Undergrad: 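One structure, pasted below without further comment.
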Amino acid sequence: MNERARVAVLASGGGSNLQAILDHLETLGERRRAEVALVLSSRAGSGALERARARGIAGEALARPDDGDALLALLERSGIGLVVLAGYLKLVPRVVTRAYRGRMLNIHPALLPAFGGPGMYGARVHQAVLDAGARISGATVHFVDEEYDRGAIVAQWPVPVFEEDDARALSERVLKVEHALYPRVVDAVAAEAIALDDDDRVRGAFLVGPYGSAFALPRDDSNFSLGQEMDAALSF
Ligand code: GRF
């Protein structure tokens, strides 16, 4: 990967994670190791495409999200080094996940490997957590392989589940930590501080939360510092 990785963000929905990534990279300024160069959506008129347009970033609705060859050609033509799924609801074709092995991330709004897999997205995830009576949920960032939500785990951040929660309240609490976590992981993977080994182990995987900040990430990686956002996100 180059000095600054060109990132494609794939999103189907509102794109609040895309926004968090754009904002964080802007805050890092010259220190950022990633650059969002392309936003792709499985839906025309998605909030994510709006946000890309507002920043002057190239954006496109995919006519055929299941056409892997076309998607791969587009990514390669655009010089994309890292693919970031942010609320992308389609399965990424195998030809693309293979080509971008170790260079494609997803965020899931629960602690994988629980509460993931086909059909587990949006409110359904949070409802399943509540129905199971789980007391902890959270956000998981993982490398993407050819199955939904099964790739190697890169980072997790737990949040509590409260007695009075409904799916919406829980999703808001989780989304808050997603926004703090995902942009930093994107930058760290772009910087190759985190990488997928040949044996599918993640070098530099970490956990954030009440256990004392970020594990196994170089402590001098100031791009990762959580600062005030960490405090805010942890004041549940
Ligand atoms: C997030 O909860 C993310 O974890 C999930 O879909 C949601 C996307 O939200 N994969 P947004 O489009 O980024 O606002």
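Keep in mind that this is a model prediction, so the values were computed, not measured. Computation of the quantities below employed the complete heavy-atom set of this structure, encompassing side-chain atoms and omitting hydrogens, waters and symmetry-equivalent molecules.
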Undergrad: Got a sec, which residues hit side chain to side chain contact (heavy atoms under 4.5 Å, CB included) with Y100, two or more places apart in sequence or on another chain?
TA: L72, L75, E76, I80, V83, V96, R103, M104
Undergrad: To the nearest 0.5 Å, how far apart are CZ in R124 and OG in S171?
TA: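 Rounded to the nearest 0.5 Å, the CZ-OG separation comes to 14.5 Å.
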Undergrad: Measuring only between side-chain heavy atoms, which start at C-beta, is D187 closer than 4.5 Å to I21?
TA: no
Undergrad: Could you tell me which non-hydrogen atom of A155 sits nearest to which non-hydrogen atom of L181, and how far apart they are?
TA: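 Looking at all heavy atoms of both residues, the shortest contact is CB-CD1, 4.1 Å.
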Undergrad: With heavy-atom distances below 4.5 Å as the criterion, would you say the side chains of I107 and L105 are in contact?
TA: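 Sidechains of L105 and I107: no contact.
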Undergrad: If I compare all heavy atoms of G13 with all of S46, which pair ends up nearest, and what's the gap?
TA: O-CB, 3.7 Å
Undergrad: Is the shortest side-chain heavy-atom distance between V9 and I57 below 4.5 Å?
TA: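 A side-chain contact under 4.5 Å is absent here.
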Undergrad: Would you mind reporting whether P113 and R150 have side-chain heavy atoms less than 4.5 Å apart?
TA: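 Yes, at least one pair of side-chain atoms sits under 4.5 Å.
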Undergrad: Taking a hydrophobic cluster as the set of Ile, Leu, Val, Met, Phe, Trp and Tyr residues connected by side-chain heavy atoms closer than 4.5 Å, whether directly or through intermediates, do V84 and L71 fall within one such cluster?
TA: no
Undergrad: Any Lys/Arg nitrogen of K176 or E172 sitting under 4.0 Å from an Asp/Glu carboxylate oxygen of the other?
TA: no
Undergrad: With hydrophobic residues grouped by side-chain heavy-atom distances under 4.5 Å, do L10 and V39 end up in a single group?
TA: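 L10 does not cluster with V39.
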Undergrad: Hydrophobic cluster membership, with links at side-chain heavy-atom distances under 4.5 Å among I/L/V/M/F/W/Y: are V7 and L85 in one?
TA: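 No, no single cluster joins them.
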Undergrad: So which atom in V177 and which in A139 form the shortest heavy-atom distance, rounded to 0.1 Å?
TA: CG2-CB, 4.0 Å
Undergrad: Under a 4.0 Å threshold between the charged nitrogen and the carboxylate oxygen, would E192 count as salt-bridged to R203?
TA: no
Undergrad: Yes or no on side-chain contact (heavy atoms from CB on, under 4.5 Å) for Y88 and V144, after CA distance, side-chain angles and deciding distance?
TA: CA-CA 12 Å; Y88 187 66; V144 175; over 6 Å; no
Undergrad: Could you check whether any side-chain heavy atom of R55 comes within less than 4.5 Å of a side-chain heavy atom of Q19, counting everything from C-beta outward?
TA: yes
Undergrad: For the hydrophobic clusters of this structure (ILVMFWY residues joined by side-chain heavy atoms under 4.5 Å, transitively), does one cluster hold both V36 and L40?
TA: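 Not linked; separate clusters.
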Undergrad: Rounded to the nearest 0.5 Å, what separation is found between the NE2 atom of H142 and the CG atom of L112?
TA: 5.5 Å
Undergrad: Passes side-chain contact (heavy atoms from CB on, under 4.5 Å), I194 versus V202? Steps please.
TA: CA-CA 7 Å; I194 298 173; V202 178; 3.7 Å; yes
Undergrad: Restricting to non-hydrogen atoms, name the atom on S12 and the atom on S41 that form the minimum distance, rounded to 0.1 Å.
TA: CA-OG, 4.1 Å
Undergrad: Heavy-atom count around E163 CD within 6.0 Å, excluding the residue itself: above 12?
TA: no
Undergrad: Would V174 and Y148 show up in the same hydrophobic cluster when neighbours are defined by side-chain heavy atoms closer than 4.5 Å?
TA: no
Undergrad: Say you draw a straight line from CG of L18 to OH of Y182; how long is it, rounded to the nearest 0.5 Å?
TA: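 Answer for the CG-OH pair, L18 versus Y182, is 10.5 Å.
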Undergrad: Would you say the side chains of S137 and H126 form a donor-acceptor pair under 3.5 Å?
TA: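 No, no side-chain donor-acceptor pair sits under 3.5 Å.
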Undergrad: In Å, rounded to the nearest 0.5 Å, how long is the span from OH of Y121 to CG of D149?
TA: 12.5 Å
Undergrad: Between V125 and P109, what is the shortest heavy-atom contact and its length?
TA: CG1-O, 3.8 Å
Undergrad: Nearest 0.5 Å please: distance from the CG atom of L38 over to the CZ atom of R6.
TA: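 Going from the CG atom of L38 to the CZ atom of R6 covers 8.0 Å.
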Undergrad: Among D145, D200, D197, which residue satisfies the salt bridge (Lys or Arg N to Asp or Glu O under 4.0 Å) criterion with R101?
TA: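 Result for salt bridge (Lys or Arg N to Asp or Glu O under 4.0 Å) with R101: D200.
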Undergrad: Can you check whether H108 reaches E178 side chain to side chain, under 4.5 Å on heavy atoms?
TA: no
Undergrad: Could you check whether any side-chain heavy atom of D165 comes within less than 4.5 Å of a side-chain heavy atom of R173, counting everything from C-beta outward?
TA: yes
Undergrad: Please examine the side chains of L74 and L62, heavy atoms only from C-beta on, and report whether any two atoms are closer than 4.5 Å.
TA: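 Yes, side chains in contact.
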Undergrad: Using a 6.0 Å cut-off, check whether atom CZ of R201 has over 12 heavy atoms from anything other than its own residue.
TA: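 No, not enclosed.
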Undergrad: Looking only at non-hydrogen atoms, find the nearest pair between Q127 and A167 and report the distance.
TA: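 Reported closest heavy-atom pair: OE1-CB, 3.7 Å.
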Undergrad: Rounded to the nearest 0.5 Å, how far does OG of S16 lie from NE2 of H179?
TA: 3.0 Å
